[in-house]
Asker: 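Below is one structure. I have some questions about it.
Numbered from 1 within each chain, the chains take letters A, B, ... in sequence-line order. Note: hydrogens, waters and symmetry copies are ignored here, and every other heavy atom, side chains too, is used.
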2 protein chains.
Amino acid sequence: MIAVSEHNAPSDKHCPHNAAINCASCRLSAICLPLALAQDEIVQLDEIVQRGRPLQKGQHLYRENDNFTSVFAVRSGAVKAYSMSDSGEEQVTGFYLPGEILGMDGIGHNRYASSAVAMEVSAICEIPFANIEDLSGKLPNMQKHFFKLLSQEIVEDQRHITLVSKHTAEERLASLIVSISARNARRNLSPLNIRLPMSRTDIGNFLGLTIETVSRVFSRFAKQGLIEVDKKELVVLDIDALKTIASLGH
Amino acid sequence: MIAVSEHNAPSDKHCPHNAAINCASCRLSAICLPLALAQDEIVQLDEIVQRGRPLQKGQHLYRENDNFTSVFAVRSGAVKAYSMSDSGEEQVTGFYLPGEILGMDGIGHNRYASSAVAMEVSAICEIPFANIEDLSGKLPNMQKHFFKLLSQEIVEDQRHITLVSKHTAEERLASLIVSISARNARRNLSPLNIRLPMSRTDIGNFLGLTIETVSRVFSRFAKQGLIEVDKKELVVLDIDALKTIASLGH
DNA sequence: TAGTTTAGTTGACGTAGATCAACTAGCCAG
DNA sequence: CTGGCTAGTTGATCTACGTCAACTAAACTA
C-alpha cells in the first residue's frame, strides 16, 4: 500500500546500486560534495574513490577499533553506526542515508570509534583518508570541505545531546521523523512518504528510549492524525505539527 | 581549607595569565599541539596566534551566530560553551580547561553554533581560522592535527550522548569528576584536589540533570566516603570507586 | 501447513529523577 | 550589623518513562 523505497531489486543499469560510475555524474554529489569543488577537482577526487560490491543487510563496513583507513559515502541503502561502551551496552550513534558520509570518527585515534552496518542492501563509496589528506594539501576547497563536514557533525551531535538530555519522548521521535523527512527532501524523494530503514529497537536506542515507548509514541501520533504507520512505512500527515512538537522546549 | 586554584591574583611575571609569550615555551603545548608539529612549524603557528587581555568572569569569547573567525585555546582559567535551542532553553555543551581548544563548531556554517563565556578570569589564545587553513595547506602535520582535533571532539560528543541517554545520575556525575581529574593530571595538577570552576546549575545542565539531583548525588558520594565537597572545592578520596561507577553499564 | 522465531504492540505497575518548597550560608550594600 | 541576594542543600511528592508480561502478526523452516 505504501511504497517508497528506491532500493528493491538491484537489476538493471538504472539501479542506484550500480549507477554513478563517477562522482561527476552522481546525482548525490550535491549532497556529498556541496559547492566546494570545481569540475576538475571532482575528477581528481574521483580517481581515489573506490566503489565496491553492494553490501547485504547486516554486513559491516567497519568495526569499532579497526584500523582507520577510509571514510565512506552512502550511495544507496542505509547504514547504522553504533558503539559499545565499556559496560557492553550498544549505543546507536547515527543513521546514514544516501549522500551522507560516515567513518570520520576514526581520524582522531587512527581507529574507528564505532561500528557501521548496512540496515538494508547498500552501495557504498570508499574514500581512503590518506588520499583525502594528500588532496586536501593541494586543493584548498577540498580541505575546507572536510573541515566543514567534521564541524557539522560536531554541531549535529551537540544538538542530539540536547535532544536526548532535555526533551520528552514525543519531542525526540518527532525530531527524528522531521529529520528523515528533510533528508528525503534533499534527495528529491517525498518528504511525506517515508520508509524507515531501521528497527524500533534502533530508533529507541538512538533516541535514548525503550522500544515500548517508541511504539507507544508512534501509536499516539497516529491516533492524533499526525502520521500513518505500517511497520516501516510511514506517511506523514501533518509535518508542521511534528515540527512544532520537535522544537518544543521541554 | 582546600586550595587548588592556580588562578587567583594575576600579578607577577610568573602568573599563568601572562606567561607563555609564545607556543614553543608554553607548558601547555603538549596538550594543545600534541606530537604533531616540528619545532620550526611551531614557530610558524606562533606567528598567527593572538594573545589578548585576560577575560573576566562572565565575559564572552564569542556568541552563538557570531561570524566564525577563530578557534581559541584556553591558557588559564576555564570556559563554558553553551547553545540556545529554538525553544529557548540553554544547553551547556562543554567545559574547556587550560590547553583545550574550542570554537571549532563554527567551521561548518561560518557561524559559531554556541556561545563561550569565561567561568573565571581566563587567559585565551586566539587562532584565526583562515591562517590555520593556509598553514594546513603547507604543513601536512598541521592539517592532520586539526583533522584529529575535530574528530576527537566528535568521539567525545558521542560518548556524552551515551552518558546522558543511558546512564544514571550517579554514573553521569562520577564520569564528570573522573574526566576533570584526568584533565588535571594531564596538566600536572593534582588529580585528587579539584577546584570545580562551574556552578551546580552548569553541571546539571551539562549532564542532563537538575541542580537538586546534582546536589543530592554529591552528598551521597560524600556520605559514602568517595569525595569531600566544600562548595567548589572537591577532594577525591576514592578515584577507583568513581571510575567503576562511571563505567558501570546502566 | 503447522510450528517456531522475530518484530512490534499494548497494558499494568514500579521507580529514578523532576518538581515544588522550605531552609541555610555566604556575601555585598548601606 | 542588618537586610536582601545568590548558590546550594534537603525533604516531600509527582510523573514520564522503564520494566515486566501477555499478546499479535509476519516470515522462516522443515
Asker: Rounded to the Å, how far apart are Leu209(A) CG and dG8(C) P?
Answerer: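 For the pair Leu209(A) CG and dG8(C) P, the rounded distance is 15 Å.
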Asker: With distance as the sole criterion, is a donor-acceptor pair present between the side chains of Thr168(A) and Arg172(A) under 3.5 Å?
Answerer: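 No, Arg172(A) and Thr168(A) have no side-chain donor paired with an acceptor closer than 3.5 Å.
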Asker: Roughly, in whole Å, what's the span from CZ in Phe218(B) to P in dT10(D)?
Answerer: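 Rounded to the whole Å, the gap is 12 Å.
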Asker: Answer with base, sugar-phosphate or nothing: what part of the nucleic acid does Ser199(A) contact at a heavy-atom distance below 4.0 Å?
Answerer: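 Contact class for Ser199(A): sugar-phosphate only.
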Asker: Could you state the NZ-C1' distance from Lys57(A) to dA27(D), rounded to the nearest angstrom?
Answerer: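 Whole-Å distance recorded here is 11 Å.
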Asker: Would you say the side chain of Glu212(A) and the base of dC17(D) hold a donor-acceptor pair, judged only by whether the two atoms sit under 3.5 Å apart?
Answerer: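 Side chain to base: no pair present.
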Asker: Go through dC17(D), dG17(C), dT9(C) for me and flag the one nearest to the Ile211(A) side chain.
Answerer: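 Among the listed nucleotides, the one closest to the side chain of Ile211(A) is dT9(C).
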Asker: Pick the closest DNA chain C nucleotide for Glu170(B) and for Arg216(A) by heavy atoms, then say which residue is nearer the 5' end.
Answerer: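 Whichever sits nearer the 5' end wins; that is Arg216(A).
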Asker: Quick one: Arg220(B) CZ to dG11(D) C1', roughly how many Å, whole number?
Answerer: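 Taking atom C1' of dG11(D) as the reference, CZ of Arg220(B) is at 13 Å.
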Asker: Mark yes or no: Arg183(A) above the aromatic ring of Phe95(A), with NZ or CZ under 6.0 Å from the six-membered ring centre and no more than 45 degrees from the axis.
Answerer: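 The answer is no, since Arg183(A) fails at least one limit relative to Phe95(A).
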Asker: Quick one: label Gly204(B) by what it contacts on the DNA or RNA (base, sugar-phosphate, nothing), any heavy atom closer than 4.0 Å.
Answerer: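 Nothing, no nucleic acid heavy atom in range.
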Asker: Without hydrogens or angle criteria, can the side chains of Ser83(B) and Gln158(A) be said to hold a donor-acceptor pair below 3.5 Å?
Answerer: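 Judged by distance alone, the side chains do not pair up.
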Asker: Using distance alone, with no hydrogens and no angle criterion, decide if Glu126(A) and Ser70(A) have a side-chain donor and acceptor under 3.5 Å apart.
Answerer: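 The criterion, which ignores hydrogens and geometry beyond distance, is satisfied for Ser70(A) and Glu126(A).
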Asker: Just checking, Lys80(A) and Tyr82(A): is the charged tip under 6.0 Å from the six-membered ring centre and within 45° of the axis?
Answerer: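 Yes; both conditions hold, so Lys80(A) lies above the ring face of Tyr82(A).
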Asker: Given dG17(C), is OP1 or OP2 found less than 4.0 Å from the side-chain N or O atoms of Thr210(B)?
Answerer: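 So the side chain of Thr210(B) is outside the cut-off, no N or O lying under 4.0 Å from OP1 or OP2 of dG17(C).
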Asker: Roughly how many Å is it from CZ in Arg172(B) to C1' in dA16(C), rounded to a whole number?
Answerer: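 In whole Å, dA16(C) C1' lies 10 Å from Arg172(B) CZ.
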Asker: Rounded to whole angstrom units, what separation is found between the NZ atom of Lys232(B) and the P atom of dT9(D)?
Answerer: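 The answer, rounded to whole Å, is 11 Å.
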Asker: In whole angstrom, give the distance that lies between atom CZ of Phe221(B) and atom P of dT9(D).
Answerer: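 For the pair Phe221(B) CZ and dT9(D) P, the rounded distance is 14 Å.
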Asker: Tell me the interatomic distance from His167(A), atom NE2, to dA16(D), atom P, rounded to whole angstroms.
Answerer: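 Result: 16 Å.
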Asker: Do the side-chain N or O atoms of Ser219(A) get closer than 4.0 angstrom to the phosphate oxygens (OP1, OP2) of dT10(C)?
Answerer: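 So the side-chain polar atoms of Ser219(A) do come within 4.0 Å of the phosphate oxygens OP1 or OP2 of dT10(C), strictly under.
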